[in-house]
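For reference, the structure discussed in these notes is given below.
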Amino acid sequence: MTKQAFGKSLRLLTSSDFQVVFDHAPVRASHNHFLILARFNALDHPRLGLVIGKKHVRLAHERNRLKRHIRETFRLRQQSLRGLDVIVVARKGMGELSNPQLISQLTQQWQRIERRAQQQSAHDTSAQGD
RNA sequence: GGAGUCGGCUCGGCAGUCGCUUCAGUGCUCAGGCAAGGCUCUGGCUUUGUCGCGGUAUUGGGGAGGAAAGUCCGGGCUCCAUAGGGCAGAGCGCCAGGUAACACCUGGGGGGCGUGAGCUCACGGAAAGUGCAGCAGAAAGGAAACCGCCUAAGCGAUUGGCUUCGGUCGAUCGACGGUAAGGGUGAAAAGGUGCGGUAAGAGCGCACCGCGCAGCUGGUAACAGUCUGCGGCGAUGGUAAACCCCGCUCGGAGCAAGACCAAAUAGGAACCCAUAGGUGCGGCCCGCAUCGGGUUCGGGUAGGUCGCUAGAGGUGUACGGUGACGUGCAUCCCAGAUGAAUGACUGUCCUCGACAGGACCCGGCUUACAGGCUGACUCCAUUU
RNA sequence: UGGGGCGUAGCCAAGCGGUAAGGCAGCGGGUUUUGAUCCCGUCAUGCGAAGGUUCGAAUCCUUCCGCCCCAG
């Protein structure tokens, strides 16, 4: 039951949190409507940050809709994103996506992030082992 | 029944699962405070009780809009001086009222539109002054005469009769004379129609309509009138969203205002005294503050807390008022986030769901918008 | 969220009540053996959009649209 909660601890809260991820994000997934940046943290849970610019999505209720869906998809697969700080950046045209399109594209990109994070951590541990 | 006008309300419903935020209660944990006791080298250490920031779990409440929007006006609130004086500048503009205030609202007047219910209008002043009107046109403002019309008087030319040779009576022509009817230009050329009048014409005269001024009456007033009198009306053309005049209103910035706690970092901050000069306070001046000197120690970025929601508040009711609204009483508490919350999924029903998301708060205006419910009224048709 | 500014041809722009200058680019032509230079002509719809004031609006007023900047 507690596995799928989404409280304050699962979010990036300060601009320094954001800056750390922007400065060095080894895991990335790019899509032509949005971009996901991720970096390992020292915690046993993931954290999410959102950057939805007014430039790219003009209307406030559209921005809210995007944020809700991003948070929802993140919430439902937070177990597999364990140990990552993630930022989702909106690009132009994201607001034109319908809800089903948005959800399918988001889940695709989350899967890519998970695979790359696994590869990365496997590489790190083997390197440490050597 | 059809067509239409003006309002008011509402913004998918229900069930289940997983989530977000806030408030309250409870359990656990815990920075720390307080009280009492014990030990002690008088620094402290420790036990119990109690309060309890924060975290977490759980239970139960609350959780976007009519436009939350544009930021176009008006306020509250905060700081700047207590928000003051003058100039400059800006806004508003039929009248009366409502209001915290307004550019809003209500009622009334006037113009325009509609058969009507109704709708609509930045609607003070051009008889204080300055300016503007390209092109066209003769002329664009207290003017002028291009074409045209006229030849009565007067003037000039030619000429005839009469003559006492001074003139006098005619004819024809002219425009240097008269005219503003008509033509033409323009957005605009200075009352209209008819009759009279005249050489031709003209408010030149008259009638009716229109206009202006004064009075009277009604109305708080704007204004109105089958009212009375006067004025022929080239008095007084248009433009003030041109300058301007008149009347009224306005100090500036904004919650990223501002107050408090407070790592880092830099050296300053508070109080008293002095006030020439510099700087700041809204554009300027007045005015005020500060820089300067002395004395005393705290100051403040990241971050956090407050401001932050009980209010010109909602609902009901009684009374006053044509109404906007006001007053009294009763009752209710109805978002308060801060990397920023109302969602997702499943099922189901229907009329298949528009525009769209609070960020200090209110009152308006404007713009966007799929529907649904409902009240009052108008016109047309028809039935009984 | 609050505050401020700007929209004139493909680009850079002047004009701010009276038929919208100018430059670059483009197109057509001329000069030249060819090219560059130079000369001439051209850009039917254009003043961000819609209303209003005015005889007349890019210009004045109102509302809307788009873009940019500043304040953490």
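Here is the naming used below: chain letters follow the sequence lines, and residue numbers restart at 1 for every chain. Basis for what follows: all heavy atoms, side chains included, without hydrogens, waters or symmetry-related copies.
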- In whole angstrom, give the distance that lies between atom CZ of A/F74 and atom C1' of B/rG343. 16 Å

- Do A/Q78 and A/R75 meet the criterion of a side-chain donor-acceptor pair at a distance under 3.5 Å? no

- In Watson-Crick or G-U wobble terms, with both distances under 3.5 Å, the base opposite B/rC79 is B/rG252

- Here the distance between atom C1' of B/rA341 and atom CZ of A/R75, to the nearest Å, is 14 Å

- Hey, is the side chain of A/R71 poking within less than 4.0 Å of OP1 or OP2 on B/rU342, counting only N and O atoms? no

- Task: Mind calculating the distance between CZ (A/R65) and P (B/rG343) to the nearest angstrom?
- Result: 13 Å

- Task: Starting at atom CD of A/E72, determine the distance to atom P of B/rU346, rounded to an integer number of angstrom.
- Result: 12 Å

- Query: Between B/rU21 atom C1' and A/K8 atom NZ, what is the distance in whole Å?
  - Reply: 8 Å

- Message: Need one value for A/K54: base, sugar-phosphate or nothing, where a base atom within 4.0 Å counts as base even if backbone is also close, heavy atoms only.
- Response: sugar-phosphate

- Across the strands shown, which category fits A/R11 at heavy-atom distances under 4.0 angstrom: base, sugar-phosphate, nothing? sugar-phosphate

- Task: With heavy atoms under 4.0 Å as the rule, sort A/R58 into base, sugar-phosphate or nothing.
- Result: sugar-phosphate

- Is A/F18 stacked on the base of B/rG339, with ring centres under 5.5 Å apart and planes under 30° apart? yes

